[in-house]
Amino acid sequence: MTEKKDPTMAQHGRNSLIELLEGVRTFREDVYPENRELFAELAESQSPATLFITCSDSRINPSMITQTEPGELFIVRNVGNIVPPYGEMLGGVSSAIEYAVGALHVKNIVVCGHSNCGAMGALMDPDSPKLDALPTVRRWLRTSTAARAVAMALRADDAGPASVRDLAEQNVLLQLTHLRTHPLVAAAIARRELTIQGWFYDIASGEITVLDETLRHPISVDAAISALSGSKAS
């Protein structure tokens, strides 16, 4: 009899395909039967309310940090949680946005950056020889050059050099701007059928802050909930 692993065990401890397959077996034998009705409901269609765009970083689990179930998030992941402006680098990200808004009719889009982001660290020094072996990554990060310029400008006068966190936050704000260049997104926002928001996730503390586009600085989740509740009430 195979010993079943604790499903709460840290995933970073599973280093082999055998261990991954054992996880699949646990899903099949324990997790799926407990959620059979949910998966039966999802088998033929999906209707997620939120498009969640975040980094490919293995330390981020969108469903865990939002406490959502399968079928609730339409997730797009890439290096640096980047959204290319419409017309540039048309591909997986742009087509996913188009499908989410045009076909699934999501009501929300969240762009979530995070602490200790390797992509943002690389963007701090885009000419580093370390990127010579990663030419595709270097080209991809050029999409966020404007975020680097803003972070450097804001920190230059009084707070020393920009940090990776500063850049990660400015990068999220930039991607919200890029989102608005996508025709379906712009139209849905204009019709008040779509809300977009930026988040920053601090891995060490588990804290998420909301990046307010108007104030250009982070606010707490509680403050964001109050603001949204107030706007709905009015």
Side-chain angles (χ1 to χ4, degrees), residues 11-12 15 51-62 65 73-101 109-157 159-186 196-205 208-211 213 216-218:
Q11 295 296 305
H12 65 266
N15 298 317
L51 167 59
F52 196 92
I53 302 172
T54 193
C55 189
S56 300
D57 195 294
S58 64
R59 297 167 292 178
I60 301 173
N61 185 326
I65 64 177
L73 297 179
F74 190 72
I75 300 173
V76 173
R77 306 186 70 146
N78 64 65
V79 173
N81 42 269
I82 288 172
V83 176
Y86 187 75
E88 294 185 18
M89 295 184 180
L90 290 178
V93 177
S94 297
S95 61
I97 292 169
E98 188 174 273
Y99 183 74
V101 178
I109 301 179
V110 172
V111 179
C112 182
H114 67 97
S115 60
N116 193 234
C117 180
M120 296 301 101
L123 188 58
M124 292 284 288
D125 185 12
D127 298 320
S128 170
K130 294 180 181 179
L131 286 174
D132 289 348
L134 304 170
T136 305
V137 172
R138 173 177 275 158
R139 183 180 179 188
W140 176 249
L141 292 177
R142 287 175 186 163
T143 311
S144 289
T145 301
R148 180 175 180 271
V150 172
M152 296 297 184
L154 291 177
R155 302 289 289 186
D157 293 336
S163 67
V164 171
R165 175 165 185 154
D166 295 329
L167 182 51
E169 290 178 348
Q170 292 302 323
N171 180 59
V172 169
L173 291 171
L174 176 64
Q175 306 320 316
L176 297 180
T177 300
H178 288 173
L179 267 173
R180 289 188 171 87
T181 69
H182 289 250
L184 288 179
V185 172
I196 67 174
Q197 192 172 78
W199 293 2
F200 179 85
Y201 170 47
D202 185 272
I203 296 170
S205 68
I208 288 177
T209 50
V210 176
L211 302 175
E213 290 185 272
R216 305 296 293 183
H217 69 71

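Nothing fancy with the numbering, it's 1 onward along the sequence. From a predicted model like this one, the values you see are computed outputs, not experimental measurements.
Residues Trp140 and Val79 meet the side-chain proximity criterion, which asks for heavy atoms closer than 4.5 Å. Counting heavy atoms from C-beta outward, Ser163 and Met124 have side chains that stay 4.5 Å or more apart. Leu123 has its side chain within reach of Leu167: a pair of non-hydrogen atoms, C-beta onward, lies under 4.5 Å apart. Residues Ile203 and His114 form a side-chain contact, since some pair of their non-hydrogen atoms from C-beta on lies under 4.5 Å apart.
Taking each heavy atom of Pro126 and Arg148 in turn, the nearest pair found is CD-NE, 3.7 Å. The minimum heavy-atom distance linking Pro135 with Asp132 is given by the pair CD-O, 3.8 Å.
Taking Asp57 as the reference, Arg59 meet the side chain to side chain donor-acceptor pair (under 3.5 Å) condition, with sequence neighbours excluded. With sequence neighbours excluded, no residue forms a side-chain contact (heavy atoms from CB on, under 4.5 Å) with Ser58.
Of the inter-residue distances, the one linking Asn81 atom CG with Cys117 atom SG reads 6.0 Å to the nearest 0.5 angstrom. From Tyr201, atom OH reaches atom OG of Ser115 across 7.5 Å, with rounding to the nearest 0.5 Å. To the nearest 0.5 Å, the span separating CE on Met152 from CG on Asp166 amounts to 9.5 Å. A distance of 5.0 Å separates CD1 in Ile82 from CG in Leu141, rounded to the nearest 0.5 Å. The distance from atom OH of Tyr99 to atom CG of Leu51, rounded to the nearest 0.5 Å, is 12.5 Å. With rounding to the nearest 0.5 Å, the separation of CZ in Arg139 from OG1 in Thr136 is 8.0 Å.
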*Hey, mind stepping through Leu131 and Val137 against side-chain contact (heavy atoms from CB on, under 4.5 Å) and telling me if it holds?*
CA-CA 8 Å; Leu131 286 174; Val137 172; 4.2 Å; yes
*Test side-chain contact (heavy atoms from CB on, under 4.5 Å) on Phe200 and Cys112 and set out the steps.*
CA-CA 6 Å; Phe200 179 85; Cys112 182; over 6 Å; no
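The main-chain N or O of Thr54 is never found under 3.5 Å from a side-chain atom of Arg77 such that the two would form a donor-acceptor pair. Side-chain atoms of Thr209 do not come within 3.5 Å of backbone N or O of Pro218 as any donor-acceptor pair. Under the 3.5 Å distance criterion, the side-chain polar atoms of Ser95 are matched with a main-chain donor or acceptor of Gly92.
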Distance-only donor-acceptor pairs under 3.5 Å for side chains of residues 169-181, two or more places apart:
residue, atom, partner, partner atom, Å
Glu169, OE2, Arg165, NE, 3.0
Asn171, OD1, Ser144, OG, 2.5
Asn171, OD1, Gln175, NE2, 2.8
Asn171, ND2, Gly80, O, 3.0
Gln175, OE1, Val83, N, 2.8
Gln175, OE1, His178, ND1, 3.1
Gln175, NE2, Ser144, OG, 3.1
Gln175, NE2, Asn171, O, 3.2
Thr177, OG1, Leu173, O, 3.4
His178, ND1, Val83, O, 2.7
Arg180, NH1, Glu213, OE2, 2.8
Arg180, NH2, Glu213, OE1, 3.1
Thr181, OG1, Tyr86, N, 2.9
Thr181, OG1, His178, O, 2.6

